[in-house]
Structures are given as C-alpha cells and as structure tokens.
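See below for the structure under consideration.
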Amino acid sequence: MSTISEKILAAHSEQKDVTPGEIVKAKIDFAFMPALTAALSFHAMYDMDIKKVWDKDKVTILLDHIAPATNIKNATLHKECREIAKEQNLKHFYDINSGVCHQIIPEKGHVYPGMLLVGADSHTCTHGAFGAFATGIGSTDMGAAIGTGKLWFKVPETIKINAEGKLGDRVMSKDVLLKSAKILGADGATYCALEFKGSTISDMSIGARMTLCNMAIELGGKTGICEPDQKTFDFLEGRVDHEFKPVYADTDAVYKQTVEIDSARLEPQVACPHAVDNVKPVTEVEGKAINQVFIGSCTNGRLEDLSMAAEIMKGKKIHSDVRVIATPASPEVYYAAMEHEVIKTLMDAGAVICNPSCSVCFGGNHGILAPGEVSLSTSNRNFRGRQGSTESFVYLSSPATAAASALTGVITDPREA
Amino acid sequence: MIKGKAWNYGDDVNTDFILPGIYLELTDPNEMGKHAMEGIDPEFADKVQPGDVVIGGRNFGLGSSREHAPIALKHSGVGAVIAEGYARIFYRNAANLGLPTLECPNVSKEIKTGDAVEVDLVKGIITVNGEKQLKFTPVPEFMMEILNAGGLRSYIKENRDKW
Ligand code: SF4
C-alpha cells in the first residue's frame, strides 16, 4: 500500500517499506549541479575532508543559468566549474552551449523511472515526469551527496492531483498546474510529494508532464511524479543505455489528500504578482497591459511550447508596445524548432530568439525588467523582483496565453486569438 | 543563548527576497552577507547586528534551493530565524549550515521589529523584551545533532562511519 515516492525511497535505503515522516538514508543514482551552486557544493564536499566525488560517471555540472557569461564574476564562476569538472574527471559536463539543466538531464539519458535523482536546483522535481523520485537540495546537502553517494530524506506524504477529461483547445498543462496552485496554495504541499494522475495526464505529452512536475516546488512539494507509460519509454529509448525498473503506486496507496481537476471545464489560468498561488482565470485578468513576454525556461521552453506560440503568431505581428523573448530550452529543441519553421514564424512576428539557457527566467541573465514594467512569462516564479526591478510585475501563464497577449499588448484569452 | 533585536518580515519571505538572483554569482559568504534581505529591505544588511533574529510568518524561505540565502543571513550576523512555517529546502539548508530555524506558532504576530529577543535553544524558550515567553516546537533529534555539530560539514567529518 505504498505511493511511488515511498517505494523508491524504500528501495534506495534497502528497506522493505517506509512510512511518511520517517528519516531514511538513501543511495543516490545521479546528482547534478548548475554552475551557480556547483562551486559551493564542491567547497562543501572539500570541507567534509572528501577529495573526490563518489562516482565520476554519476555527477555532472551544467553551465545553464547564465550562458554565455555576462560579467567577470560569473565568467570566473564558469571557469572554476570547468576546472572542477576536469580535476574530478567527470564523465559528463555541459558547457554554455547545452541549454537548461532540467531539459538536458532527460535528453542526455540521465533520468529513468524508479531512480533517485538529486539536483542543486529547486526545480529538480521536473524529472518526476519520468517516474523518478527527483528533488532539489542545497549545496551542503549536495556536498554530502556527491562525496558519499548518500543523503538523508524525510519520507514525504503524497498528495494526489487527479485530472480527468480532455483539456480544451489552447488550454495547456500549465493551466492544470496553476489551478492546482490556486487550490493548494504556495505551501499546500510542503514536505509532500505530488502524484499527477488521471486521463488528462495519460493524454499529455512528456513535455507537458514535465511542466506539471517542474512546478511541484511552487506548491512547496518535495517532488512531483507521473507514472511512467509507453510515452515515457518511447522518450527514453535510445537515450538511457541500461535497464531500469518502473515503479507504480499500489491501488491501495495512502494519500494525504486528493485534488480533483475537471479538465474539460478548465479555463486558461494566470498567476498574478507577486505569488505563484495568486491565480485567476484569464477572463478575470484580460486587458492588463504588458511590456514583455518570455516564452522559455524549464517550465515551458520545449518544442510544443514554442510551436503553440508560433501557431498563434503565424502571419501576425507582435504588438508595438511589447517585446517577446523566446528561448528554446536546449539545442535539441532549437534544432527541431528550426526544422519545423517555428523559429522563423516567431522571428517573422517580431520575437527575439535567445540561445538555450535559463534566459529571462530568474533575473540574473538578460531580459531584465525596468521599474514599473509588466512581464507575462511562461516560467515558474513571479516573486517580486524575480525578473529585474523590485518595482516590476511578473504574471505567469501558458505559452498559448503568452503568445495571444503578445499580439494584442494586453493579457488575452488564447481561445479567442 | 542567542540574543538580539527582531526583524519581522511576515508571510512568504522567499529566497529572492533573502538574496536576489543577481547575487548568485557570488561565492564569498561575507559578500553574500552584505546583500542579505536586499530584495525586501535594502537597509537590513547595514543595520543588522550579530545575534539579531529574523521573524517570519508562513512558508519562510520558499523558492530556490540556493544555499546563498541562508548563507547570506548567517554571514550578515543573524543568529536564528523564527517563523510559523518553512519551505522544505530552506529549512534543511539552514540547519546544514548551523543556522537555527525555529518553528513557533503565531510568532509573526507576537514579535515586532525592534523587540529584544532571547532564544534558549536548550530549553526551547524565546523571551521577548525581557517579559513575554514563547515556546518553539522542539527541533527534530537528527537536526539537533547536525546543529550541535555546527552544521552538516563538521557532522560528516566526525561521523563518516555512521553516514
Ligand atoms: S529556467 Fe528558471 S526555474 Fe528553470 S532552472 Fe533556469 S532559472 Fe531555474
């Protein structure tokens, strides 16, 4: 009678079963660090008197948040990361040409069902979309994880998000998640795992499921998980080069709470400043003037997201008061978007295309907002100051809503665009 | 005993408030300390004194896994954080650094900015302005071991065999 999280944690701590609340020491299968946290994690490991990582094939660093370097400080940080990777002889290292960590990790075959994955980034929960237990940790924890191959975990209770029915035209997985954030609140899932279930989830693409799991942390969640299915195996085919054993929840698994989403009746949703749970249906926010639109990030920077934006913008021009920055999450996405003429369509409409990276998402790279400016962003956080000035305003939506709004200059219902 | 002045920032103090994203490129803890709380109170780092206590309401530390946030607090001189509830990653990160994060119901209503606060970690008691006493939720045993060791780094150094 266990949930997916309980089963994975039990298997990795060599126990028959585990109970929520219990603290276990579990073996890690893979660990990754973006540049901004990598150096700190290695400093922590060295401070523990550990000189080498526990397994050089299972630890990686990715230079994704700021790429290419924008000033001397972050250039120095990148340099240190490259030196660490060489010195530690890491098998995998991803430089500034690679894209956002949460897109690269699955694309390069580091994620598989049933695994225990840790990342020194809070959105590591994204990888639960593949049926893994994946969670974000800080640098000291990461120092311990990469130094010893083990870490302690409090076994989380699990909340089930059950989405049934067919999503309407231009209603996306982002809307399902924002609706869940409204229902549960930004701390509604603190210390909990989220399991996404139901026919809506089975119908979703892998990318759409990644969007859901990506934002589990915005509800306080330790991880978000989808059950692996044929779509998962198809995605992993040719990427993961070893056997794995998918893990499923028991039919009598115990959930702390179940949230029901009626997908057929779900409207596009918008998270208003300055909290991810300040969510309203798009019809209540329509008409709000915007200055910038960002389509990208680990939440919505995949081919299907850019394609949705291109479908809406095709043959049209972005409103003259709005700038659009579109950033493919990885080179694989970028190539595919070029092949399908998605990039051309977006550029023809007037969008700026940035290289695969975290881009505008976190306010430390490019696309910074001036005081008083309003952004509509497909990323995952709208905290005050997240994308620049503390006097700016970030709204969050799906790529469909973002693209429709870019054309009109005001927040717009994509179903009417 | 932790002794100092209280700084109350209410509910949902996120990691971008504690240390804005623009400073993530810093690696020197003292430099991070100079920007502590800059996202919500740009004057904090200049005014805070060693031993001062940051007070919060619900979901303190939500957001990023950046350890820069608790590092900045610790190196600005903050002796402890007391809040009604925490985001999971922040809570762990702070304990791993040896910065006590205490849970106390209603604390954001009971303690105002400027109040004199004394925290007795052993007895589990917070004294406000020398009079009022509040109790905080006992720190879980495993966390206490880490705090007592001065953080996870020294804990692992000392307990490598048990790990
Ligand atoms: S895209 Fe944004 S949320 Fe995702 S890893 Fe980068 S900074 Fe973090």
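Note that the structure is predicted; figures quoted are calculated from it, not measured. Just so it is clear: chains get the letters A, B, ... in the order the sequence lines come, proteins before strands, and each one is counted from 1.
A salt bridge links Glu84(B) with Lys109(B): at least one charged nitrogen is closer than 4.0 Å to a carboxylate oxygen.
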Open item on the list: The test is side-chain hydrogen bond (donor to acceptor under 3.5 Å, both in side chains); show your working for Asp121(A) and His65(A) and say whether it passes.
Closed with: CA-CA 10 Å; Asp121(A) 185 277; His65(A) 276 59; 3.3 Å; yes
- [ ] Report the C-alpha separation of Asp41(B) and Phe17(B) in whole Å, then their side-chain angles, then the decisive distance to 0.1 Å, and conclude whether the side chain to side chain contact (heavy atoms under 4.5 Å, CB included) test is met.
- [x] CA-CA 8 Å; Asp41(B) 181 359; Phe17(B) 286 178; over 6 Å; no
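Contacts between Ala120(A) and chain B at a heavy-atom distance below 4.5 Å involve the backbone alone (N, CA, C, O). Contacts of Lys25(A) with chain B are made by side-chain atoms alone, with heavy-atom separations under 4.5 Å and no backbone atom involved. Both the backbone and the side chain of Ser139(A) come within less than 4.5 Å of a heavy atom of chain B. Neither the backbone nor the side chain of Asn365(A) has a heavy atom closer than 4.5 Å to any heavy atom of chain B. Contact annotation for Arg384(A): both backbone and side-chain heavy atoms come within less than 4.5 Å of a heavy atom of chain B. Using a 4.5 Å cut-off between heavy atoms, Ile40(B) makes no contact with chain A at all. For a residue to count as touching a neighbouring chain, one of its non-hydrogen atoms must lie under 4.5 Å from one of that chain's; by this rule Leu36(A) touches chain B with backbone and side chain alike. The part of Ile89(B) that comes within reach of chain A is its side chain, from C-beta onward, which places non-hydrogen atoms under 4.5 angstrom from that chain. Within the 4.5 angstrom heavy-atom criterion, atoms from both the backbone and the side chain of Asn96(B) approach chain A. Looking at Leu24(B), the atoms closer than 4.5 Å to chain A (heavy atoms on both sides) sit in the backbone and in the side chain alike. Only the side chain of Tyr91(B) comes within contact range of chain A, judged by heavy atoms closer than 4.5 Å.
Geometrically, Lys154(A) does not engage Trp152(A) in a cation-pi contact, judged by NZ or CZ lying under 6.0 Å from the ring centre and within 45° of the ring axis.
By number of non-hydrogen pairs under 4.5 angstrom with chain A, the leading residue of Ser64(B), Gly63(B), Ala87(B) is Gly63(B). Each of Arg160(B), Glu158(B), Arg88(B) has some count of heavy-atom pairs under 4.5 Å with chain A, and the biggest count is that of Arg88(B). Note on Leu77(A), Thr390(A), Asp47(A): by heavy-atom pairs under 4.5 Å with chain B, the leading option is Asp47(A). Among the candidates Thr190(A), Thr37(A), Asp49(A), the residue making the largest number of heavy-atom pairs closer than 4.5 Å to chain B is Asp49(A). When the candidates Ile217(A), Thr76(A), Ile137(A), Ile23(A) are compared by the number of heavy-atom contacts under 4.5 Å with chain B, Ile137(A) comes out ahead. When the candidates Arg66(B), His68(B), Arg58(B), Arg153(B) are compared by the number of heavy-atom contacts under 4.5 Å with chain A, Arg153(B) comes out ahead. Interface remark: of the candidates Ala39(A), Gly388(A), Ala44(A), Gly147(A), Ala44(A) forms the most heavy-atom pairs closer than 4.5 Å to chain B. Note on Ala275(A), Gly221(A), Ala186(A), Gly364(A): by heavy-atom pairs under 4.5 Å with chain B, the leading option is Ala186(A).
Atom CG of Leu62(A) is separated from atom CD1 of Ile105(A) by 5.0 Å, given to the nearest 0.5 angstrom. Between His75(B) atom NE2 and Met32(B) atom CE the span is 8.5 Å, to the nearest 0.5 Å.
Using cut-offs of 30° and 60° for the angle between ring planes, the Phe90(B) and Tyr86(B) rings count as parallel.
For His102(A) and Phe32(A), the gap between ring centers is short of 6.0 Å.
If you check the side chains of Thr327(A) and Ser359(A), you find a donor sitting under 3.5 Å from an acceptor. No donor-acceptor contact under 3.5 angstrom links the side chains of Arg381(A) and Thr15(B), judged on distance only. Between the side chains of Ser375(A) and Ser377(A), no donor-acceptor pair of N or O atoms lies under 3.5 Å.
For the pair Gly363(A) and Ile368(A), the tightest heavy-atom approach, listed with the atom from each and the gap, is O-CD1, 3.3 Å.
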